[in-house]
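Remarks on the structure that follows.
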Amino acid sequence: MASVEDTTGRDALLNAADLKSGKVLDIGMGGCACMAFYLAHKGFDVTGIDRSSHAVHRARESAKGKRLKGAFVARRADATKLPFDDGAFDVVISFHSLHHINRPVLALREMFRVCRPGGKVLISDLNPTGSKLYKHKHDAARLLAAVEREARRLGAGVKTTDTRLDRLFVCAKEG
Ligand SMILES: C[S@@+](CC[C@H](N)C(=O)[O-])C[C@H]1O[C@@H](n2cnc3c(N)ncnc32)[C@H](O)[C@@H]1O
(Lines give C-alpha, C1' and ligand atoms only; values in the text may rest on other atoms or scores of the structure.)
Protein backbone atom coordinates (compact mmCIF):
# COMPACT_ATOMS: atom_id res chain seq x y z
CA MET A 1 0.00 0.00 0.00
CA ALA A 2 1.22 3.50 -0.76
CA SER A 3 2.84 5.46 2.09
CA VAL A 4 1.71 8.88 3.31
CA GLU A 5 4.66 10.44 1.47
CA ASP A 6 3.78 8.69 -1.78
CA THR A 7 1.12 11.14 -2.80
CA THR A 8 1.00 10.36 -6.52
CA GLY A 9 -2.22 8.33 -6.52
CA ARG A 10 -3.95 10.66 -4.12
CA ASP A 11 -2.99 13.77 -6.08
CA ALA A 12 -4.13 12.15 -9.31
CA LEU A 13 -7.60 11.70 -7.84
CA LEU A 14 -7.78 15.14 -6.23
CA ASN A 15 -6.53 16.84 -9.38
CA ALA A 16 -9.03 14.95 -11.53
CA ALA A 17 -11.80 16.11 -9.19
CA ASP A 18 -10.52 19.68 -8.83
CA LEU A 19 -11.36 19.67 -5.12
CA LYS A 20 -11.01 22.94 -3.25
CA SER A 21 -12.84 22.59 0.07
CA GLY A 22 -15.68 20.81 1.80
CA LYS A 23 -16.86 18.18 4.22
CA VAL A 24 -15.48 14.82 3.17
CA LEU A 25 -16.33 11.22 4.01
CA ASP A 26 -13.62 8.62 3.33
CA ILE A 27 -14.94 5.05 3.32
CA GLY A 28 -12.62 2.16 4.21
CA MET A 29 -9.97 4.61 5.42
CA GLY A 30 -7.72 1.78 6.74
CA GLY A 31 -5.48 1.98 9.81
CA CYS A 32 -3.06 4.27 7.98
CA ALA A 33 -5.95 6.58 7.02
CA CYS A 34 -3.60 7.81 4.31
CA MET A 35 -6.14 9.55 2.10
CA ALA A 36 -8.07 10.86 5.10
CA PHE A 37 -4.96 12.46 6.65
CA TYR A 38 -3.83 13.74 3.28
CA LEU A 39 -7.11 15.61 2.90
CA ALA A 40 -7.13 16.84 6.50
CA HIS A 41 -3.57 18.14 5.98
CA LYS A 42 -4.92 20.17 3.08
CA GLY A 43 -7.64 21.67 5.27
CA PHE A 44 -10.65 19.52 4.44
CA ASP A 45 -12.92 18.42 7.32
CA VAL A 46 -12.71 14.66 7.12
CA THR A 47 -14.70 11.80 8.59
CA GLY A 48 -13.07 8.43 8.00
CA ILE A 49 -14.93 5.16 8.49
CA ASP A 50 -13.78 1.57 8.59
CA ARG A 51 -15.51 -1.61 9.67
CA SER A 52 -12.37 -2.73 11.52
CA SER A 53 -12.17 -1.46 15.11
CA HIS A 54 -8.41 -2.02 14.94
CA ALA A 55 -8.14 0.31 11.92
CA VAL A 56 -10.27 2.96 13.65
CA HIS A 57 -8.14 2.74 16.80
CA ARG A 58 -4.89 3.04 14.81
CA ALA A 59 -6.22 6.03 12.86
CA ARG A 60 -7.32 7.81 16.05
CA GLU A 61 -3.97 7.16 17.70
CA SER A 62 -1.93 8.47 14.79
CA ALA A 63 -4.18 11.54 14.45
CA LYS A 64 -3.01 12.59 17.94
CA GLY A 65 0.53 13.10 16.66
CA LYS A 66 -0.43 15.11 13.60
CA ARG A 67 -0.96 18.78 13.05
CA LEU A 68 -3.91 18.69 10.73
CA LYS A 69 -5.35 21.83 9.20
CA GLY A 70 -8.84 20.36 8.95
CA ALA A 71 -10.87 18.31 11.40
CA PHE A 72 -10.49 14.53 11.48
CA VAL A 73 -13.00 12.08 12.97
CA ALA A 74 -12.63 8.30 12.78
CA ARG A 75 -15.71 6.08 13.20
CA ARG A 76 -16.37 2.40 13.04
CA ALA A 77 -19.01 1.75 10.39
CA ASP A 78 -19.91 -0.56 7.55
CA ALA A 79 -19.65 1.07 4.13
CA THR A 80 -22.74 -0.81 2.98
CA LYS A 81 -24.85 0.70 5.78
CA LEU A 82 -23.51 4.15 6.51
CA PRO A 83 -24.73 5.79 9.75
CA PHE A 84 -25.19 9.23 8.15
CA ASP A 85 -28.14 11.23 6.86
CA ASP A 86 -28.83 11.63 3.16
CA GLY A 87 -26.69 14.39 1.66
CA ALA A 88 -24.52 14.81 4.78
CA PHE A 89 -21.22 15.29 2.88
CA ASP A 90 -19.95 17.47 0.03
CA VAL A 91 -17.55 14.80 -1.15
CA VAL A 92 -17.48 11.04 -0.56
CA ILE A 93 -14.29 9.14 -1.36
CA SER A 94 -13.19 5.56 -1.71
CA PHE A 95 -9.44 5.26 -2.18
CA HIS A 96 -8.35 1.67 -2.83
CA SER A 97 -11.11 0.33 -0.61
CA LEU A 98 -13.95 -0.86 -2.87
CA HIS A 99 -12.14 -4.06 -3.83
CA HIS A 100 -11.91 -4.92 -0.10
CA ILE A 101 -15.64 -4.53 0.43
CA ASN A 102 -17.84 -7.61 0.01
CA ARG A 103 -20.72 -5.79 -1.65
CA PRO A 104 -19.05 -2.88 -3.47
CA VAL A 105 -22.11 -1.82 -5.47
CA LEU A 106 -24.12 -1.51 -2.25
CA ALA A 107 -21.30 0.61 -0.79
CA LEU A 108 -21.35 2.78 -3.91
CA ARG A 109 -25.10 3.36 -3.50
CA GLU A 110 -24.49 4.40 0.09
CA MET A 111 -21.73 6.78 -1.03
CA PHE A 112 -24.21 8.47 -3.37
CA ARG A 113 -26.92 8.57 -0.72
CA VAL A 114 -24.80 10.44 1.84
CA CYS A 115 -23.36 12.82 -0.81
CA ARG A 116 -25.28 16.08 -1.16
CA PRO A 117 -26.99 16.95 -4.46
CA GLY A 118 -24.35 18.65 -6.61
CA GLY A 119 -21.57 17.01 -4.58
CA LYS A 120 -18.92 14.58 -5.77
CA VAL A 121 -18.31 10.87 -5.33
CA LEU A 122 -14.67 10.01 -6.00
CA ILE A 123 -13.24 6.55 -6.45
CA SER A 124 -9.78 5.27 -7.13
CA ASP A 125 -9.45 1.54 -7.50
CA LEU A 126 -6.96 -0.85 -8.98
CA ASN A 127 -7.08 -1.64 -12.68
CA PRO A 128 -6.12 -5.18 -13.82
CA THR A 129 -2.41 -4.20 -13.91
CA GLY A 130 -2.53 -2.78 -10.37
CA SER A 131 -4.53 -5.71 -9.09
CA LYS A 132 -1.96 -8.16 -10.50
CA LEU A 133 0.92 -6.15 -9.05
CA TYR A 134 -0.61 -6.12 -5.56
CA LYS A 135 -1.56 -9.81 -5.96
CA HIS A 136 -5.27 -9.25 -5.38
CA LYS A 137 -7.63 -12.05 -6.33
CA HIS A 138 -10.64 -9.95 -7.32
CA ASP A 139 -11.75 -9.37 -10.92
CA ALA A 140 -10.67 -5.73 -11.30
CA ALA A 141 -12.15 -5.22 -14.77
CA ARG A 142 -15.52 -6.50 -13.60
CA LEU A 143 -15.51 -4.31 -10.49
CA LEU A 144 -14.61 -1.18 -12.47
CA ALA A 145 -17.33 -1.90 -15.05
CA ALA A 146 -19.89 -2.39 -12.25
CA VAL A 147 -18.87 0.90 -10.61
CA GLU A 148 -19.26 2.83 -13.85
CA ARG A 149 -22.60 1.19 -14.70
CA GLU A 150 -24.06 1.87 -11.24
CA ALA A 151 -22.80 5.46 -11.09
CA ARG A 152 -24.44 6.19 -14.47
CA ARG A 153 -27.63 4.42 -13.37
CA LEU A 154 -27.72 6.71 -10.34
CA GLY A 155 -27.75 9.61 -12.79
CA ALA A 156 -24.28 10.92 -12.12
CA GLY A 157 -22.00 12.59 -14.63
CA VAL A 158 -19.02 10.24 -14.62
CA LYS A 159 -15.50 11.14 -15.72
CA THR A 160 -12.91 8.36 -15.74
CA THR A 161 -9.14 8.69 -15.89
CA ASP A 162 -6.67 5.83 -16.19
CA THR A 163 -3.33 5.90 -14.44
CA ARG A 164 -0.78 3.09 -14.60
CA LEU A 165 -2.31 1.10 -11.73
CA ASP A 166 -5.71 2.67 -11.11
CA ARG A 167 -8.91 3.84 -12.64
CA LEU A 168 -10.22 7.10 -11.20
CA PHE A 169 -13.91 7.98 -11.21
CA VAL A 170 -15.08 11.52 -10.62
CA CYS A 171 -18.86 11.33 -10.29
CA ALA A 172 -20.98 14.46 -10.03
CA LYS A 173 -24.23 13.80 -8.18
CA GLU A 174 -27.21 15.54 -9.79
CA GLY A 175 -27.98 18.86 -8.13
C1 LIG B 1 -6.58 -1.15 1.68
S2 LIG B 1 -7.47 -0.45 2.99
C3 LIG B 1 -7.85 1.15 2.34
C4 LIG B 1 -6.69 2.10 2.24
C5 LIG B 1 -6.99 3.53 2.52
N6 LIG B 1 -8.29 3.99 2.00
C7 LIG B 1 -5.91 4.49 2.06
O8 LIG B 1 -6.17 5.71 2.02
O9 LIG B 1 -4.77 4.07 1.78
C10 LIG B 1 -9.08 -1.20 2.86
C11 LIG B 1 -9.93 -1.01 4.12
O12 LIG B 1 -11.30 -1.31 3.81
C13 LIG B 1 -11.89 -1.75 5.01
N14 LIG B 1 -13.20 -2.39 4.73
C15 LIG B 1 -13.44 -3.58 4.14
N16 LIG B 1 -14.76 -3.81 4.08
C17 LIG B 1 -15.39 -2.73 4.64
C18 LIG B 1 -16.74 -2.38 4.86
N19 LIG B 1 -17.75 -3.15 4.50
N20 LIG B 1 -16.99 -1.19 5.46
C21 LIG B 1 -15.99 -0.37 5.84
N22 LIG B 1 -14.67 -0.65 5.66
C23 LIG B 1 -14.38 -1.82 5.06
C24 LIG B 1 -10.85 -2.70 5.60
O25 LIG B 1 -11.06 -2.89 6.99
C26 LIG B 1 -9.56 -1.94 5.28
O27 LIG B 1 -9.11 -1.18 6.38
Side-chain angles (χ1 to χ4, degrees), residues 1-17 19 22 24-63 65-66 68 70-84 88-89 91-115 120-140 142-144 146-147 150 163-171:
M1 188 48 56
S3 73
V4 176
E5 288 72 30
D6 172 14
T7 58
T8 327
R10 286 181 279 278
D11 272 338
L13 185 60
L14 300 188
N15 290 340
L19 278 198
V24 180
L25 174 68
D26 182 27
I27 68 151
M29 68 179 162
C32 74
C34 300
M35 179 54 115
F37 286 143
Y38 192 59
L39 287 160
H41 269 301
K42 287 181 176 291
F44 292 91
D45 287 339
V46 183
T47 299
I49 67 105
D50 204 288
R51 75 165 176 189
S52 151
S53 50
H54 178 66
V56 172
H57 176 73
R58 267 186 61 204
R60 282 182 184 151
E61 285 303 302
S62 41
K66 294 185 189 298
L68 302 170
F72 172 75
V73 176
R75 246 180 105 160
R76 185 172 181 213
D78 186 333
T80 64
K81 210 176 169 195
L82 292 170
F84 304 110
F89 296 91
V91 180
V92 185
I93 295 191
S94 164
F95 186 78
H96 286 186
S97 67
L98 274 189
H99 65 275
H100 288 271
I101 295 173
N102 285 337
R103 301 177 71 189
V105 171
L106 209 51
L108 184 64
R109 283 184 199 144
E110 279 291 87
M111 291 174 75
F112 272 91
R113 182 184 65 75
V114 301
C115 180
K120 283 178 180 161
V121 171
L122 309 181
I123 295 150
S124 176
D125 219 294
L126 298 169
N127 64 25
T129 308
S131 177
K132 202 168 158 191
L133 187 80
Y134 287 106
K135 297 188 168 55
H136 281 290
K137 298 269 189 290
H138 75 290
D139 184 339
R142 193 168 161 199
L143 173 62
L144 298 178
V147 167
E150 187 63 15
T163 65
R164 196 169 71 83
L165 303 178
D166 295 321
R167 177 158 301 165
L168 318 179
F169 296 87
V170 176
C171 310

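FYI, side chains are in, hydrogens and waters are out, and symmetry mates aren't considered; it's all heavy atoms of this structure. Start at 1 and go down the list; that is how both ligands and their atoms are numbered.
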(message) Quick check for you: to the nearest 0.5 Å, what is the distance between T47 atom OG1 and F72 atom CZ?
(response) 8.5 Å
(message) Going by side chain to side chain contact (heavy atoms under 4.5 Å, CB included), name the residues that satisfy it together with L133, two or more places apart in sequence or in a different chain.
(response) L165
(request) Working to the nearest 0.5 Å, report the span between CG of D26 and CZ of F44. (result) 12.0 Å
(request) May I ask you to list the atoms of ligand 1 that are less than 4.0 angstrom from any heavy atom of H96? (result) 1 (C), 3 (C)
(message) Heavy atoms only, cut-off 4.0 Å: how does A36 contact ligand 1, side chain, backbone, both, or neither?
(response) neither
(request) Name the orientation class of the two ring planes belonging to H138 and H136 (parallel below 30°, tilted from 30 to 60°, perpendicular beyond 60°). (result) perpendicular
(request) Identify, by atom number and element, the atoms of ligand 1 in contact range of M35, meaning under 4.0 Å from any of its heavy atoms. (result) 8 (O)
(message) Which residues pass the side chain to side chain donor-acceptor pair (under 3.5 Å) test with D125, not counting sequence neighbours?
(response) H99
(message) Any atom of ligand 1 sitting under 4.0 Å from a heavy atom of I101?
(response) yes
(message) So if I count the atoms of ligand 1 from 1 in the order they appear, which ones are less than 4.0 Å from some heavy atom of G28?
(response) 3 (C), 4 (C), 5 (C), 6 (N), 11 (C), 12 (O), 22 (N)
(request) Consider every N or O of R51 and every N or O of ligand 1, then say whether any pair is closer than 3.5 Å. (result) yes
(request) For ligand 1, indicate whether the residue H100 contacts it via side chain, backbone, both or neither (heavy-atom separation under 4.0 Å). (result) both
(request) Indicate yes or no: at least one non-hydrogen side-chain atom of L126 is less than 4.5 angstrom from one of D166. (result) yes
(request) Supply the atom-to-atom distance H96 NE2 to M35 CE, rounded to the nearest 0.5 angstrom. (result) 9.0 Å
(message) Working to the nearest 0.5 angstrom, can you tell me the gap between S52 OG and H57 NE2?
(response) 11.0 Å
(request) Inspect the contact between E110 and R113 and indicate whether a charged nitrogen and a carboxylate oxygen are less than 4.0 angstrom apart. (result) yes
(message) At less than 4.0 angstrom from any non-hydrogen atom of G30, what atoms of ligand 1 do you find?
(response) 27 (O)
(message) Out of D50, N102, I49, who is nearest to atom 25 (O) of ligand 1 when you count heavy atoms only?
(response) D50
(message) If the cut-off is 4.0 Å to any non-hydrogen atom of A77, which atoms of ligand 1 fall inside it?
(response) 20 (N), 21 (C)
(request) Using a strict 4.0 Å cut-off to heavy atoms of S52, name the atoms of ligand 1 that fall inside it. (result) 25 (O)
(request) Run the numbers for me: atoms of ligand 1, each under 4.0 Å from some heavy atom of D78, listed by number. (result) 18 (C), 19 (N), 20 (N)
(request) Please say whether A55 places an N or O atom under 3.5 Å from an N or O atom belonging to ligand 1. (result) no
(message) Using a 4.0 Å cut-off to any heavy atom of A79, which atoms of ligand 1 qualify?
(response) 18 (C), 19 (N), 20 (N), 21 (C)
